Amino acid sequence: MGSAVVLGELLAGIFSPSLSPLTAVGGAVIDAVPPGVKDWAVALFGTADKVALLAGMALVMAALAALAGVLEYRRRFMGALVVAVFGLVGLVAVLTRAQATLNAMVLPVVTAVAAGVLLRFLIRRLQEWGSAGAEPASQEAPARRRFLQAVAGGGAFTVLGGALTGVWRGAAAVASEARSRVTLPVPASLAPPIPPTAEAKVDGMQPLVTPNADFYRIDTALAVPAVDPDTWVLKVTGMVDKEVELTFAELLAKPMVERHITIACVSNNVGGDLIGNARWLGWPVRELLNLAGPTAGADMVLSRSVDGWTAGTPLEVLRDGRDALLAVGMNGEPLPLEHGFPVRLVVPGLYGYVSATKWVTGLKVTRFADDVAYWTPRGWSERGPIKTSSRIDVPRDGRPVKAGMVMVGGIAWAQHTGIDKVELRVNRGPWQQAELAEGISLDTWYQWKLGLELPEGQYELQVRATDLAGTAQDEESRPVAPDGATGFHTIRVDVKP
Ligand SMILES: Nc1nc2c(c(=O)[nH]1)N[C@H]1C(S)=C(S)[C@@H](COP(=O)(O)O)O[C@H]1N2
Ligand SMILES: [Mo]
């Protein structure tokens, strides 16, 4: 019996590392560590802080696993409970992060369930062995063999998973180290300065230029692709006179253009926040296409990411003179890894799913009739021009405000067309024109504001924008699929005395 407990510990030791390959849980726990503890760790271990933290985490997990092993051996589900609590901690940690995606939430759950099943399985083998020990020696041998096989299997899985994780971690480290070495070139064409009148200056509004850390992130990548800029090449192929290859160094040497451009996701609901405005630095895609020379009949550029994701962009949009960029910089920094380092596309006027390929490695000049982009067979429209829209940011929906002059503010956008006017209405009354701030350019969102005299009561506010082509925002409510939501952003305000 005593030796069984010792073996329980041993087995738990095997089971514990099988948690660590799925580092998502570990990472979430690290993130959940209060800043004070992190500072303390940095002070204590200096630059070795991450290694020390990881080693500490491994120790904690080994201890937890040992505990789970012992408990599970004594009583069924007791160990599983420890695993479940650990998984829950991971889940909560993930949820408290700024960008809690479904993917991120699934990982700790999957890890905990896998750990629980593995734990149960190994304990069963161990218990078979333990009870066989009371029988004649001939009965004991197969039970022992089964247990040892199970341990060996778990061990092999652990080593393999660990190695894979290690390789991926290594690549990610190479990419972030390489990113820190990138010096962005001085733009040949600077972004026009932001006019002071571009800010509506209403308390509580989003910044006119979205900081990188707050920029929405949408992609299908489970793990952020780690691309080494030293080996990155962009290949232009397909219906071209001559195929072209471009290295990162060659790209950085091109005359760069710097522009503010607001990009948006087709999955952005009316009033949603899947939209952001950044100062991008890049080389116009049309220059690269001109080097390759698209042949007659081509009408689409299928851009491909290193992870195989694709977007189909109308060729004419990339050549009509707008600032469609092969971007390397975002708000004065190299692209953050999660926003496409080292190179991505940014195309004013089109939703991201048909234009904004991150970690881009290929441009195939082709025809819509011949090639299909990633989202097209998945229920999304082949073409995705951004729909003119607007949003109320202040006051926040459902928040109480004080009676009197209530300042209402928000944004409106119609990339590459520009906004002409923004109007508000209260309780479906007459439309009242808001004060439209100056745009940074036609390719960015515009801020607006309107002061409303509101006595105590409940109100419904609605906003609508009209673009410079004279098209008013579509009133009819439509879902995001297949080509972008429509309808008026509608909020409720509770005006208190
Ligand atoms: N490689 C790759 N690029 C991608 C995507 C993707 O899934 N994979 N998603 C696109 C979508 S749908 C949008 S809205 C934008 C979002 O860019 P961001 O994450 O930098 O905000 O990236 C686009 N580029
Ligand atoms: Mo998107």
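Order of appearance sets the numbers: ligands from 1, and atoms from 1 within every ligand. All of these numbers come straight from a predicted model, not from anything done at the bench.
Those atoms of ligand 1 that come under 4.0 Å of a heavy atom in Y353, given as number and element, are 11 (C), 12 (S). Near C265, meaning under 4.0 Å from one of its heavy atoms, ligand 1 places the atoms 14 (S). In the vicinity of S305, heavy-atom distances shorter than 4.0 Å reach the ligand 1 atoms 1 (N). Near F215, with a cut-off below 4.0 Å to any heavy atom, the atoms of ligand 1 are 21 (O).
The protein atom (non-hydrogen) at minimum distance from atom 7 (O) of ligand 1 is T220 N, 2.9 Å. In terms of protein heavy atoms, atom 19 (O) of ligand 1 is closest to K358 NZ, 2.5 Å.
With a 4.0 Å cut-off on non-hydrogen atoms, W375 does not touch ligand 1 at all. Under 4.0 angstrom from ligand 1, the non-hydrogen atoms of W309 all belong to its side chain. Neither the backbone nor the side chain of Y351 has a heavy atom within less than 4.0 Å of ligand 1.
Contact detail for A278 and W280: the closest heavy-atom pair is O-CD1, 3.3 Å.
Of the residues V270, N268, V266, N269, the one that meets the side-chain contact (heavy atoms from CB on, under 4.5 Å) test with V480 is N269.
I194 has its side chain within reach of H260: a pair of non-hydrogen atoms, C-beta onward, lies under 4.5 Å apart. E476 places a side-chain heavy atom less than 4.5 Å from the side chain of R478.
Geometric assessment of R217 against the ring of F215 yields a negative cation-pi assignment under the 6.0 Å and 45° thresholds.
A perpendicular orientation is assigned to the rings of F341 and F248, their planes being inclined by more than 60° (bins at 30° and 60°).
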